[in-house]
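This structure is a prediction, so every number in the text was calculated from the model and none was measured. Chain identifiers are assigned alphabetically (A, B, ...) following the order of the sequence lines, protein sequences preceding nucleic acid strands; residue numbering begins at 1 within each chain.
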Amino acid sequence: MSFTLATWNINSVRLREVLVARLLTDEQPDILCLQECKSPVEKIPLETFRALGYTHIVARGQKGYNGVAILSKLPITDAGERDFASLGHARHVAARLENGVTIHNCYVPAGGDIPDREVNLKFGQKLDYLTEMRDLFHGEKPEKSILVGDLNIAPREDDVWSHKQLLKIVSHTPIEVDHLNAVIEAGDWVDVTRADIPSGQLYSWWSYRAADWDAADKGRRLDHIWASRDIANAAHGSRILRAVRGWDGPSDHAPVFASFDL
DNA sequence: ATGGTTGTTCGACAA
């Protein structure tokens with residue numbers, strides 16, 4: 001069995017319904033995981049996605065913030081959600097394919113502006129969120145599992161436009177990178193994108209605030225696809241669709257793709 | 001060092 005999977009922080013699924021439909025039509029991933037839907041589940045434009053063949057949908061939502069959804073052409077069942085750090089936010093949902101593969105769709109808290117939990121509650125919540133993810137995967141080692149999403153951390157030097165200039169910027173601080181790597185180690189996860197594309201600058205997010213995001217190219221790789229060790233060698237064909245960041249009325253994130261031959 | 005943009009929803013907040 002083979003399938004292609006994508007992850008995309010959509011920054012309002014209702015405002016960008018047409019963009020989601022365009023990606024589904026143009027690229028035909030079997031599964032699309034969305035974050036920051038910013039919508040209750042009942043207000044997600046599911047009929048549009050169903051009409052394009054994405055008839056299997058697992059989602060969690062809330063009004064105005066967060067929200068995660070998995071749209072699939074392949075049959076999936078709801079495999080529950082986790083409320084890491086007990087924030088009461090819709091930031092995680094899991095689905096299971098008929099071949100037993102579990103997909104975790106995650107939206108890790110951004111963490112605010114100041115990288116110090118003593119003065120910034122949101123930064124502490126981000127670290128706690130990652131610690132509880134680590135503890136889950138330490139307790140039950142993932143098998144036949146894929147974890148995707150906006151993890152809001154760019155771990156490697158070549159995952160950001162300037163390692164030196166971002167060392168004290170939330171998303172690339174050493175303590176965040178340590179926490180993210182602890183999740184990877186606890187679950188023995190493989191970073192599929194970097195297994196496929198081992199060197200060179202790689203970004204999935206560019207700020208709205210840049211006058212010319214494409215020319216400035218001050219990006220960060222915040223969006224990830226991981227696989228559990230047992231299926232990691234089935235992954236291939238990773239790519240980040242940078243051109244999507246240039247569509248009219250874009251999300252500030254580009255979608256990340258990977259394929260699996262299982 | 002600062003300010004820069006966008007979305008939700010009409011005033012802040014979050015990113």
Should the pair A/R22-A/E17 be classified as a salt bridge under the 4.0 Å nitrogen-to-oxygen rule? no
Atom-pair distance (CG on A/L151; C1' on B/dA15), nearest Å: 16 Å
Whole angstrom is fine here: how far is it from CD1 in A/I114 over to P in B/dA1? 14 Å
Roughly, in whole Å, what's the span from CD in A/Q35 to C1' in B/dG7? 16 Å
In whole Å, what is the span from the CG atom of A/L19 to the C1' atom of B/dG7? 14 Å
Figure out the NZ/C1' separation between A/K218 and B/dG3, and round it to whole Å. 12 Å
Taking 4.0 angstrom as the limit, do A/D128 and A/R117 come out as a salt bridge? yes
Between A/A110 and A/P250, the residue closer to the 5' end of DNA chain B by nearest nucleotide is A/P250
Rounding to a whole Å, what distance do you find between A/K43:NZ and B/dT8:C1'? 11 Å
Pairwise N/O distances under 3.5 Å, protein to nucleotides 9-14 of chain B:
residue, atom, partner, partner atom, Å
B/dA14, OP1, A/K122, NZ, 3.3

For A/W205 and B/dT6, give me the distance from atom CH2 to atom P, rounded to whole Å. 13 Å
Quick one: do the A/T102 and A/R96 side chains pair a donor with an acceptor below 3.5 Å? yes
Would you say A/S2's side chain and A/D261's backbone share a donor-acceptor pair under 3.5 angstrom? no
Between B/dT6 and B/dT2, how far apart are the two P atoms, rounded to whole Å? 23 Å
What's the gap between B/dT9 and B/dA14 when it is taken at their P atoms, as a whole Å value? 14 Å
Considering only the C1' atoms, how many Å lie between B/dG7 and B/dG11, rounded to the nearest integer? 14 Å
Mind jotting down which residue pairs meet the side-chain hydrogen bond (donor to acceptor under 3.5 Å, both in side chains) criterion with at least one end in residues 69-90 of chain A? Sequence neighbours excluded, please. A/Q28-A/K73, A/R60-A/D78, A/R60-A/E81, A/H89-A/R91
Return yes if a side-chain donor-acceptor contact under 3.5 Å exists between A/Y208 and A/N11, otherwise no. yes
Give me the atom names and distance for the closest heavy-atom approach of A/S39 to A/R14. OG-NE, 3.3 Å
For atom C1', what is the distance between B/dG3 and B/dA15, given to the nearest Å? 16 Å
A/D212 CG - B/dT5 C1' separation (whole Å): 14 Å
